[in-house]
Protein chains: 2
Amino acid sequence: MITIKELAKMIGVSPTTVSNVIRGKTNEVSQQTIEKVQKVLKEVNYIPNMTAINLAKNSSNVIGYVMNAKGIIQDNAVQDFFTGELIGALEMEIRKAGYYMMIYISDDIDEIIKFVSSWNVDGLIALGFNHDNAQKLREVYQKPLVFIDGHFYDDGNEYNNVGLEDYKGAYEMTNYLIECGHKRMGFLANNYIGINNERYRGFKEAIKNAGLPEEAGEKFFIEKSGEGIKRCMDELMKRISDFSALFFISDNCAVVAMDYLMDNGIRIPEDISVVGYDDAAVASLVRPKLTTVRQNPTQKARVAFAKLMKLINDPNEKAENIILPISLCIRQSVKNFN
Amino acid sequence: MITIKELAKMIGVSPTTVSNVIRGKTNEVSQQTIEKVQKVLKEVNYIPNMTAINLAKNSSNVIGYVMNAKGIIQDNAVQDFFTGELIGALEMEIRKAGYYMMIYISDDIDEIIKFVSSWNVDGLIALGFNHDNAQKLREVYQKPLVFIDGHFYDDGNEYNNVGLEDYKGAYEMTNYLIECGHKRMGFLANNYIGINNERYRGFKEAIKNAGLPEEAGEKFFIEKSGEGIKRCMDELMKRISDFSALFFISDNCAVVAMDYLMDNGIRIPEDISVVGYDDAAVASLVRPKLTTVRQNPTQKARVAFAKLMKLINDPNEKAENIILPISLCIRQSVKNFN
DNA sequence: TTGTAAGCGTTATCAA
DNA sequence: TTGATAACGCTTACAA
C-alpha cells in the first residue's frame, strides 16, 4: 500500500499538500498543484489507510450494530427474519452515508461496552437492551446512540429509541378476536418483559374493556426455538379445547405452532384460531394464511439510522422516542363465530 | 479514555512496561511490577485503543464479510434466510476467535476492494463472486481469503472456497422426480451462472441419463423478488398444463410460487408437483410440506471460517475447495404416479 | 501557496 | 528488568 509520504516524494510536494488535495481542501492549493497531484493519484490508485485516518482524527468512521443477545439468530426455526431484514437495511443506510458497519452480538453487556469503547465507534444502534443495561451503556458510551425496540422507564435520562405501537397492535388484534366471538384466548410469549409485555398488556386490556372476565385471557410461556415451541405446545395440547384462539408473540412462533397443530390433526381456524405479530413474509405463505399485526423492520432501521445521523451531525439534536405505527393484516387463520 | 502513557505516569513506570504487562509479556518484567501495574489496570478499567494497536501492528483484528450483490436482502419475499443464517453463524465464530466483524455489501467490486484495502482486514469471507471478480479481488487482496459458493474455472490460480454438491443435489432430486413418473419438468432460476448453473446441469444430466428426451427438461427465468416471481408465474401459467413438476432454484422461490399457484386454484401436488433447494425453515412449514434438497448454511459458515483461521495462522496452509454434502428431504409436494 | 513538525495511542527495537 | 525512542500513516496547527 502506497502512503501519502511516498506519494509526496514521487510528486515532489509535501505530504500536507497531497493530503489536502485528497480531502478536497482545494482552496489551499494552486490549480496547477492540484492537477499534478490528482494525476498521480489516479495512476497509482492510492487507497487511504482508515486506521491512520481514524487515529489522527479520533474518530472511527464505523457505526456499530450491537445486540444484547445470545446470538444473532435466536435459534428459531424460521430464523430471525426480523434481525436479518434489520441488518440488511442498516448495512445499506450506513454504507450510503459513507460509514462502515461493525456487528457485535453478546449477552454480556460489559463485552459490548468494551467493544464500542475500544473501537471508538462514531455511532451506535442497539438492540435487545433492557433499562439497566441501556443505562449502563449510556453511561460509558457518550456518543450518538439509538436503541431499537427498547422499553425504558423514566429515570430522568432521555433515550433515543425507535419502537412500535406494540400495545396498540395487540389491543386491536384482541379486539378483532373478540368481535369474531372469541371468549377464551391464550397469549404465548417467550418472556413478559419489554415490548413483549407491552403486547401482553394490550391483550389483557382489550379483554377487560370488552367486559370479558379475567380468565378470558390466559398467558403461557413458549420457548423460541423450533423444538422448544413444540415442547411447549405438547403441554398446551392437554388443555387445547379450553381455547378458541391463540395469540402468539411473533409470526415465527405462530407458524411453527400451526405446523405442530395441523400435524396433530387440529384444524385451523375451524378447531382453533391463531394470530401472530410482525407480518413476516412467512405469514402469507402458510395455509391458512396467518392473520397478524404488521410492522416494518426496514422502516425501523431507516428511521433509527436517520436519527443517529441527526445526532452525529447536530450536537443539539434532542433525544426522542419514535413510535412507528402498526396495522392489522386480517387473513384466514381466525374463525368468525358470527 | 485513559491511555497507556497516562497510566504509566500514574504508576511511575514506563509506557513500555505497562504495555508489556497488558499484553502478558510477563517474562520481561518483575513480579512486583506486574502486580503494581495490574492493580491500577483494574481500578481504572483500562480499555485499549484498537485503532492505535492496529496502526502499530499493521493489522486490523477485523474479518470482513463481503458480498458482491445489490443488497444483503435479495428482495425476496421470504427474505434471504440463507444470508441471515450465514451472517449469524459467522458473527459468532469471528467473535469467539477474538476478531471483529465488518460487513460490506456492494455490486461494485472496486468498492469492495477499496474497503478491504483501506481497512486492512486480516481475513475475508467473500460471497457472490464470479470468476473474474474473484480474480480481481485476489490480485489486490493478498491476505487470507475464502469464498463461499464461488464457482471458478481453472486459471492456474488456486482459490479457497467452500461450496456444496450443487450438481449432485439437483441430479438426485431430478432422479427422484423421474422415479415418481414425471416426464415433463420445468427448471426455474433467476440466472444460470455459478452454482445455479451447476444445479441446472444436474437437472439436465439426470433427464438425459434416464433416457428422456431433451424437451423433458425445460428452463425458465424467474425473478427473485416476491412480486417478480408472481409476474414470471403469470407467464408460466399459460403453459402450466405442459408440466407435471417444477424444480425451483431455491425454497424461497418455490414457496412463493406455491402460494401463487394455490391462489390460482392449482392443487399441489395433484395438479403439479414442486420441489425446491436449500431446505429453508419455511419448507416444512408450508402445506403441502415442500420436498427439497438440504444444505446447512451454518455449517458452511463454520467450515469457511475454520479454513480462514488456518490460513491466518499458517502461511503454508494450502488452497482448498471444500465441498459440503447435500441430502434429499422428501416431503409432500411431489406426486407419485406409480 | 507550500512545507515542517507535532500529535493520535500503541508496539517494538535496542540501550541502559 | 526497565525505559528511551522510533515507527505506524495520517491530520493539522503553524511557520515559511
Side-chain angles (χ1 to χ4, degrees), chain A residues 1-38 40-41 44-62 98 100 114 116-122 143, chain B residues 1-38 40-41 44-62 98 100 114 116-122 143:
Chain A
M1 294 275 67
I2 193 158
T3 71
I4 285 189
K5 219 182 262 178
E6 292 165 348
L7 230 42
K9 198 165 289 174
M10 283 174 55
I11 308 177
V13 297
S14 78
T16 304
T17 301
V18 177
S19 172
N20 278 335
V21 354
I22 287 173
R23 290 177 305 140
K25 296 221 165 204
T26 43
N27 49 343
E28 302 206 347
V29 28
S30 73
Q31 191 57 34
Q32 199 185 359
T33 318
I34 293 179
E35 280 162 15
K36 201 165 57 176
V37 172
Q38 273 173 341
V40 180
L41 236 36
V44 303
N45 187 30
Y46 169 76
I47 292 182
N49 181 321
M50 271 296 162
T51 307
I53 292 176
N54 294 338
L55 185 59
K57 303 219 303 195
N58 185 32
S59 70
S60 67
N61 274 304
V62 353
Y100 297 88
K114 225 175 90 186
V116 300
S117 304
S118 67
W119 278 95
N120 190 23
V121 302
D122 288 348
K143 293 195 184 182
Chain B
M1 296 273 67
I2 194 158
T3 70
I4 286 189
K5 224 181 256 177
E6 291 165 350
L7 231 42
K9 198 164 288 175
M10 284 173 54
I11 307 177
V13 296
S14 77
T16 305
T17 302
V18 177
S19 173
N20 278 335
V21 353
I22 286 173
R23 289 176 302 145
K25 296 221 166 208
T26 43
N27 50 344
E28 304 207 346
V29 28
S30 73
Q31 192 57 36
Q32 199 184 0
T33 319
I34 292 178
E35 280 161 15
K36 201 166 57 178
V37 172
Q38 273 172 344
V40 180
L41 236 35
V44 304
N45 186 31
Y46 168 77
I47 292 181
N49 180 322
M50 271 295 162
T51 307
I53 292 176
N54 294 338
L55 184 59
K57 304 219 306 195
N58 185 31
S59 70
S60 67
N61 275 303
V62 354
Y100 298 87
K114 223 175 92 187
V116 299
S117 304
S118 67
W119 279 96
N120 192 24
V121 303
D122 288 348
K143 293 195 183 180

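It should be emphasised that the depicted structure is a prediction, and the values quoted were computed from it without experimental measurement. In what follows, chains are A, B, ... by sequence order, proteins preceding strands, each numbered from 1.
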Rounded to whole Å, CE of A/Met50 lies from C1' of D/dG9 at a distance of 13 Å
Gap between atoms CG and C1', on A/Asn120 and C/dC8 respectively (whole Å) = 11 Å
Is the B/Tyr100 ring parallel, tilted or perpendicular to the A/Trp119 ring (thresholds 30°, 60°)?
-> perpendicular
When rounded to whole Å, the CD1 to P distance for the pair A/Ile53 and D/dC8 reads 17 Å
Shortest non-hydrogen contact from A/Met10 toward A/Ile2 | SD-CD1, 3.8 Å
Under 3.5 Å donor-acceptor pair, A/Thr16 side-chain atoms to D/dT12 base atoms = yes
Reckon B/Arg23 has a side-chain N or O less than 4.0 Å from the OP1 or OP2 of C/dA12?
-> yes
Gap between atoms CD and C1', on A/Gln32 and C/dT2 respectively (whole Å) = 13 Å
Can you tell me the distance, in whole Å, between the CH2 atom of A/Trp119 and the P atom of C/dT10?
-> 13 Å
What are the two closest heavy atoms between B/Asn58 and B/Asn120, and how far apart are they?
-> OD1-ND2, 3.2 Å
Could you state the CD1-P distance from B/Ile4 to D/dA7, rounded to the nearest angstrom?
-> 20 Å
Which is true for A/Thr33 with a 4.0 Å heavy-atom rule: it touches a base, it touches only sugar-phosphate, or it touches nothing?
-> sugar-phosphate
Quick one: which of C/dC8, C/dT1, C/dT4 gets closest to the side chain of A/Pro15?
-> C/dT4
Between D/dG3 (P) and B/Lys9 (NZ): distance, integer Å | 14 Å
Does a nitrogen or oxygen in the side chain of B/Thr51 sit under 4.0 Å from OP1 or OP2 of C/dT10?
-> no
Which is true for B/Leu55 with a 4.0 Å heavy-atom rule: it touches a base, it touches only sugar-phosphate, or it touches nothing?
-> base
Side chains of A/Ile11 and A/Lys36: does their closest heavy-atom pair fall under 4.5 Å?
-> yes
Which nucleotide, C/dT11, D/dG3, D/dG9, lies nearest any side-chain atom of B/Val13?
-> D/dG3
Shortest side-chain distance from A/Ser14, nucleotide among D/dT11, C/dA12, C/dT4 = C/dT4
Residue mapping more 5' on DNA chain D - nearest nucleotide basis, B/Thr17 or A/Thr3 | B/Thr17
Between C/dT1 (P) and A/Ile34 (CD1): distance, integer Å | 9 Å
Check every strand shown and say whether B/Asn49 touches a base, only sugar-phosphate, or nothing at a heavy-atom separation below 4.0 Å.
-> sugar-phosphate
B/Lys57 side-chain proximity, nearest of C/dT11, D/dT2, C/dT2 = C/dT11
Would you confirm whether B/Ser118, through its side chain, and B/Lys114, through its main-chain N or O, come within 3.5 Å as a donor-acceptor pair?
-> yes
Side-chain atoms of A/Tyr46 come closest, of D/dG9, D/dC10, C/dT10, to D/dC10
